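For clarity, every value in this text was computed on a predicted model and none was experimentally measured.
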Amino acid sequence: MAQKLPPYLAALNPEQLAAVRHEGSPLLILAGAGSGKTRVVTTKIAWLVRERGIDPASILAVTFTNKAAREMRERAAAIEPACERAVIRTFHSFGAWFLRRNASQAGLAPTFTIYDEDDQATLLHGALPQYERSECRRIAQVIARAKDLGLAPDSRDLARVASDPALRRIYAIYEERLRATGNVDFGDLISLPARLLARDEAVRRRTRQRFRVILVDEYQDSNTAQFELLRLLAGDGSDGIPPAYVCVVGDDDQSIYRFRGAEVRNILSFPELFPGTTIVRLERNYRSYQSILDVAGDVVSHNAGRLGKELKAERRGGDRPRLVLLEDQDEETAYCARICESRVRSGGRWSDVAILYRTNAQSLAFEKEFPRRGIPYRIVGALRFYEREEVKDVLAYLALLLNGRDEVAFARVVNKPARGIGETSLEILTSAASDPERGHGGDFLLAAAAEAEQLRGKAKSGVREFLSLVKSFRGILGASEGSLADLVERVAHDSGLLEYHRGQDEIAGTQKAANIDELVNAATLYPPTAEGLAEFLETIELDRSLSAEDSGADAVTLITMHNTKGLEFPVVIVTGLEQGLFPRDDDEGEELEEQRRLFYVAITRAKDELHLTACRWRRLHGRLYETLPSRFLSEIAPERLAFGGRLIPTGRADTGRVAVQGGGPGAASGSRSAAGPSPWRAGQAVYHEDHGAGVIIKVTPTPNSGPHVVVRFESGKVAQFFPKFTTKLELSRD
DNA sequence: AGTGCAACTCTTTTT
DNA sequence: GAGTTGCACT
């Protein structure tokens, strides 16, 4: 290299450097797991500002999580402090930011609040009481998917999201009700900005003139609506404003949010949709040993429709990942515990180990057993602070202060704690609020004030009491001193919620009052103004990772595979690798491929050591099922895996059972192993309890798990078994 | 209006 | 097996 690079660039490999210094055409960075993606993006932002003289305020970088946005901002600013001024946000938070700044054009108040799916369901239930709550939840989800796809109630393609012909009408009613509240839902944060940009030339021009560089991280998880927003933001030059420089970063092999509307095709077809695209592949992996990436590569190679990418480990060698077939969950828990213990015994930390599973319910076994063994653990993403009843109650009072049309918030707290306002009274107030004759403009507080006279006795005094509460809270909102925490505290206390929930705590042993305190605490950072309150509510609504998660304590991580994206651990154990659980039996086609990608993500989290476990017996929904190992396991070349080391007693001597960890000579598991040469040979006829008669088409010996056989049944179905671990498969004798 | 019981339903869930 | 929801009862 002729000229000397500044230090922040000199550390990059050639592909990374090319990605950072690319300009002039759309750029697609295909960044494999562990390939230094964040470093490239942050360096690129800094480089644009520092070397190319780009105004940081004209750079928009969107991510999918707040955590990623924070990290990106910090790391870019660490290289070039001016990057603080870049707009680095999640897609949704950018949408909210944009809508607040263009509120009047969007037909919204700048202090609108955001409804989550629970609120959406409540709104639906209020509009369509004939549908029960659970049904409303389902419908809310369908509507959310429709918005992900950018489909409005009158879109011709609405059937793509659900075939029910009633959907169009329900969706239309929902939209009408939602607009009447003056609030927005998650989907609106993407679709309303897009609609505004499409329709309002002045806003469009102003926005396009401002954002000259647009970066999108985790692009494989973007949905159709987000893609449309991106296109509108970037422009195509036809309005005389040159298109923004668009750079998307992602990994098609890590697209795992299809069920939430993510559209892998966005990344697969990016080069066609943005003509002239340059593609840079980052395939050097700095995280894992090659032995681990080999396994990951085998798995993901079974997917069709990939952009194609092969990870190469900078860290050669490494132990072969270990596949361990176990009897049941107890053995699985014990196996994981032993891995953790031996890690610590050999000088490591508890936090080196992560235990991954497909469903949250699987964490339970570990939660029960680990305390007994003195293993500290933390569960990532299980309990959701903001979704708790008591938290939502306080938030509803707060939201109502900003917006009297918030039907959901009003209905939630007008009678909470109980003030004698029943269903009938609520009905009277609700219809009064929306009655055009009465001119309340949909404002429930105005309606309540005007119509209280119509109510009687308890309801009347209850409404009066409620209104005077709201009035006093609004008084605090104008205060020039103190922080928002004062208001939140007053709301919690004066409303009676704190006492109400304290009472609940005593009955049920919960911590609701403490949670309210935590909410009060979180509000200290905001000013006691309407804007401060709106910002506080937005942060809570959009950044739900706020809960006390990163305590930094030394503990084993229990986590769903989905939640591990972007993380890494020295030791990873992927548990529950059983057919029916992962993948589920009904996973096929696109869904099956997505599950395979999920497995890929899970595997590539491991830096040094990877363990894979499967149980023969799995308890699911309170029932015990006999399972087969996941089909994904048979997609791994057997020689890439170790099948365990030793035979370890489970410690339950009374049953005489052993945990197969594989291992030593003659490692026999219980009574099912037969002596002598294996009867499992290709061509051998077999019978399976569920699948019927079949013929063995392939046998692969394993050191300790007995032979692995592949059987073709008369039905044409091909399935694989470890005869050692199933009683359902028998040799046919004749 | 609040409590208690039976019936239901169960993936994943950045925002 | 556990948590949630609707409904009936008081």
Chemist: With a 4.5 Å heavy-atom cut-off, do A/V574 and A/H611 have their side chains touching?
Modeler: no

Chemist: Taking NZ from A/K416 and P from B/dA1, how many angstroms apart are they, rounded to a whole number?
Modeler: 14 Å

Chemist: Rounding to an integer number of Å, can you tell me how far A/D119 CG sits from B/dT15 C1'?
Modeler: 14 Å

Chemist: Out of B/dT15, B/dT12, B/dG2, which has the shortest distance to the side chain of A/A418?
Modeler: B/dG2

Chemist: Tell me whether the OP1 or OP2 atom of B/dC10 has a side-chain N or O from A/T359 closer than 4.0 Å.
Modeler: no

Chemist: For C/dT5 and B/dT12, measure between their P atoms and round to the nearest Å.
Modeler: 16 Å

Chemist: Let's see if you can work this out: which of B/dT14, B/dT12, B/dT15 has an atom nearest to the side-chain heavy atoms of A/Y257?
Modeler: B/dT14

Chemist: Round to the nearest Å and state the distance from A/I143 atom CD1 to B/dT15 atom C1'.
Modeler: 18 Å

Chemist: Which listed nucleotide (B/dT14, B/dT12, B/dT11) is nearest to the side chain of A/R584?
Modeler: B/dT11

Chemist: So A/D221, base contact, sugar-phosphate only, or nothing? Heavy-atom distance under 4.0 Å.
Modeler: base

Chemist: How many whole angstroms separate atom CG of A/D185 from atom P of B/dT15?
Modeler: 16 Å

Chemist: If you round to the nearest 0.5 Å, how far is CZ of A/R631 from CZ of A/F582?
Modeler: 11.5 Å

Chemist: Picking from B/dC10, B/dT15, B/dT11, which would you name as closest to the side chain of A/D543?
Modeler: B/dT15

Chemist: Just how far, in rounded Å, is C1' of B/dT12 from CD of A/E594?
Modeler: 9 Å

Chemist: Consider the side chain of A/F186, meaning its heavy atoms from C-beta on, and name the nucleotide among B/dT15, B/dT11, B/dT13 that approaches it most closely.
Modeler: B/dT15

Chemist: Can you check the A/D217 CG to B/dT15 C1' distance for me, whole Å?
Modeler: 15 Å

Chemist: Want to settle it: does A/F259 or A/G422 sit nearer the 5' end of DNA chain B, counting the closest nucleotide to each?
Modeler: A/G422

Chemist: Provide the closest heavy-atom pair for A/Q226 versus A/D221 in the form atom of the first, atom of the second, distance.
Modeler: OE1-O, 4.1 Å

Chemist: Just call it for A/D148: base, sugar-phosphate, or nothing, with non-hydrogen atoms closer than 4.0 Å on any strand.
Modeler: nothing

Chemist: What's A/L356 touching, base or sugar-phosphate or nothing? Going by heavy atoms closer than 4.0 Å.
Modeler: nothing

Chemist: If you go through the side-chain atoms of A/R260, does one of them form a donor-acceptor pair with the base of B/dT15 closer than 3.5 Å?
Modeler: yes

Chemist: Could you tell me which residues satisfy ring-ring contact (aromatic ring centres under 6.0 Å, His included) with A/H125, sequence neighbours excluded, listed by chain and number?
Modeler: none

Chemist: Taking atom C1' of B/dT14 as reference, at what distance in whole Å does atom CD1 of A/I256 sit?
Modeler: 9 Å

Chemist: Scan A/G95 against the nucleic acid and name what it touches under 4.0 Å (heavy atoms): base, sugar-phosphate only, or nothing.
Modeler: nothing

Chemist: Reading nucleotides 1-10 of chain C from the 5' end, what letters show protein touch, with B for base, S for backbone sugar-phosphate only, - for no heavy atom under 4.0 Å?
Modeler: B---SS----

Chemist: Taking atom C1' in both B/dT11 and C/dG6, what distance in whole Å separates the two?
Modeler: 25 Å

Chemist: Is there a side-chain contact between A/N360 and the phosphate of B/dT12, meaning an N or O under 4.0 Å from OP1 or OP2?
Modeler: yes

Chemist: Check A/P371 against A/F366 and note the closest heavy-atom contact, atom names and distance.
Modeler: CD-O, 4.1 Å

Chemist: Quick one: is B/dT15 close enough that its OP1 or OP2 comes under 4.0 Å of any side-chain N or O from A/N66?
Modeler: yes

Chemist: Would you call A/K416 and A/D393 a salt bridge, taking side-chain N to carboxylate O under 4.0 Å as the test?
Modeler: yes

Chemist: Under 4.0 Å: is that the gap between some side-chain N or O of A/N223 and OP1 or OP2 of B/dT15?
Modeler: no

Chemist: Go nucleotide by nucleotide along DNA chain B from the 5' end; which of A/T424 and A/Q141 gets its closest nucleotide reached first?
Modeler: A/T424

Chemist: Can you say whether the rings of A/H562 and A/Y257 are parallel (under 30°), tilted (30 to 60°) or perpendicular (over 60°)?
Modeler: tilted

Chemist: Quickly work out the A/I421 CD1 to B/dA1 P distance and round it to whole Å.
Modeler: 9 Å

Chemist: Can you tell me how far apart SG (A/C136) and CG (A/D118) are? Round to the nearest 0.5 Å.
Modeler: 11.0 Å

Chemist: Distance check, rounded to the nearest 0.5 Å: A/T333 atom OG1 versus A/K368 atom NZ?
Modeler: 10.0 Å

